[in-house]
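The block underneath contains the structure these notes are about, expressed in structure tokens.
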Amino acid sequence: VEGDGPYILRDGTYALWDDAAAMDWTDYALEVTITPGDDDGIGVLVRYTDADNYLKLETDAQTGLVMLTRHFEGRESILARGYAGYTPGEPQHWRVEVVGGEIRTYIDGKAVFGAPVVDYTLTQGTVGLYGWASENLSFDDVQVTDLTPNSAPSAVTLSSLEVTENSAAGTVVGTLG
């Protein structure tokens with residue numbers, strides 16, 4: 001993986017929503033309650049099609065830096081940066097909306113970047129839950145809602161998943177769904 005910044009290139013560990021239909025998802029919102037067990041990297045993946053193509057929203061308590069990165073054809077690029085640290089052990093509610101080329105991100109109801117980030121590179125794909133060097137990281141109330149214009153509201157929900165990173169960087173440790 002190649003990248004363009006000092007705080008990226010963290011492959012981490014992730015669990016994917018493993019459903020063939022999910023690879024065709026286009027416009028949706030991912031919501032999840034994340035409870036970090038320590039101060040290392042936590043996040044989510046959207047529009048994931050394979051290990052070289054996805055969007056990642058990530059933060060850690062060490063720097064407080066929140067980044068939205070695009071992974072396209074194996075190259076990682078920063079789309080947006082902001083600040084929103086966390087306290088280990090305290091749950092946070094995350095929401096990421098992807099509609100067309102607009103990406104909106106919220107942590108505890110507050111817009112992370114103030115305005116939508118626009119990027120038309122990746123247009124479809126599933127979702128994932130992410131951790132980097134995190135211990136006792138838990139994800140709860142995972143929900144994906146269809147935001148396709150003119151569609152009936154629908155959602156898929158997973159109650160909870162706990163991930164303890166104990167595998168090589170960049171390995172899928174579980175699947176959702």
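Taking the side chain as every heavy atom from C-beta outward, Tyr106 and Val112 never approach each other to under 4.5 Å. For the pair Thr33/Gln92, no side-chain contact is recorded, criterion being any heavy-atom separation below 4.5 Å from C-beta on. Within the 4.5 Å cutoff, the side chain of Val32 has heavy atoms near those of the Val44 side chain. Looking only at side-chain heavy atoms (C-beta outward), Trp94 and Thr105 stay at 4.5 Å or farther from each other.
Minimum interatomic distance between Ala80 and Val117 (heavy atoms only, all atoms of both residues): CB-CG2, 3.7 Å. In terms of heavy atoms, Thr35 sits closest to Gly89 at CG2-O, 3.6 Å. Val66 approaches Phe113 most closely through the heavy-atom pair O-CE2, 3.9 Å. The two residues Gly41 and Ser134 have their closest heavy-atom pair at O-OG, 2.6 Å. In plain terms, the two heavy atoms of Met23 and Tyr48 that are nearest each other are SD-O, 3.4 Å.
Between the CE atom of Met67 and the CD1 atom of Ile78 there is a distance of 5.0 Å, given to the nearest 0.5 Å. Ile103 contributes atom CD1, which lies 10.0 Å from atom CG of Leu57 (distance to the nearest 0.5 angstrom). For the atom pair OH (Tyr130) and CD1 (Ile42), the distance works out to 10.5 Å, reported to the nearest 0.5 Å. Here OG1 of Thr145 is found 9.5 Å from CH2 of Trp25. Values are rounded to the nearest 0.5 Å. Rounding to the nearest 0.5 Å places CZ of Arg81 at 6.5 Å from CG of Leu65.
With sequence neighbours excluded, no residue forms a salt bridge (Lys or Arg N to Asp or Glu O under 4.0 Å) with Asp38. With sequence neighbours left out, the side-chain contact (heavy atoms from CB on, under 4.5 Å) criterion links Thr121 to Arg70, Phe72, Asp119. Residues passing the side-chain contact (heavy atoms from CB on, under 4.5 Å) test with Val46 are Tyr28, Leu30, Leu55, Val96, Val98, Val127, sequence neighbours excluded. In terms of the side-chain contact (heavy atoms from CB on, under 4.5 Å) criterion, residue partners of Thr26 (sequence neighbours excluded) are, by chain and number, Gln124, Thr148. Checked against salt bridge (Lys or Arg N to Asp or Glu O under 4.0 Å), Asp39 has no partners two or more places apart in sequence or in another chain.
Identified under the salt bridge (Lys or Arg N to Asp or Glu O under 4.0 Å) test for residues 83-95, with sequence neighbours left out: Glu31-Arg95, Arg95-Glu97.
A donor-acceptor pair under 3.5 Å is formed between the side chain of Asp27 and the backbone N or O of Gly100. Judged purely by atom type and a 3.5 angstrom limit, Arg47 uses its side chain to pair as donor or acceptor with the backbone of Leu122. The closest donor-acceptor contact from the side chain of Asp108 to the backbone of His93 lies under 3.5 Å.
Ring pair Tyr54/His71 is parallel by interplanar angle, where below 30° counts as parallel and above 60° as perpendicular.
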side-chain contact (heavy atoms from CB on, under 4.5 Å) assessment of Asp19 paired with Thr126: CA-CA 8 Å; Asp19 180 288; Thr126 190; over 6 Å; no
| said: Does Leu129 form a side-chain contact (heavy atoms from CB on, under 4.5 Å) with Tyr14? I'd like the steps, not just the answer. | reply: CA-CA 5 Å; Leu129 309 174; Tyr14 48 89; over 6 Å; no
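A salt bridge between Arg75 and Glu73 is absent, with no side-chain N of the basic residue lying under 4.0 Å from a carboxylate O of the acidic one.
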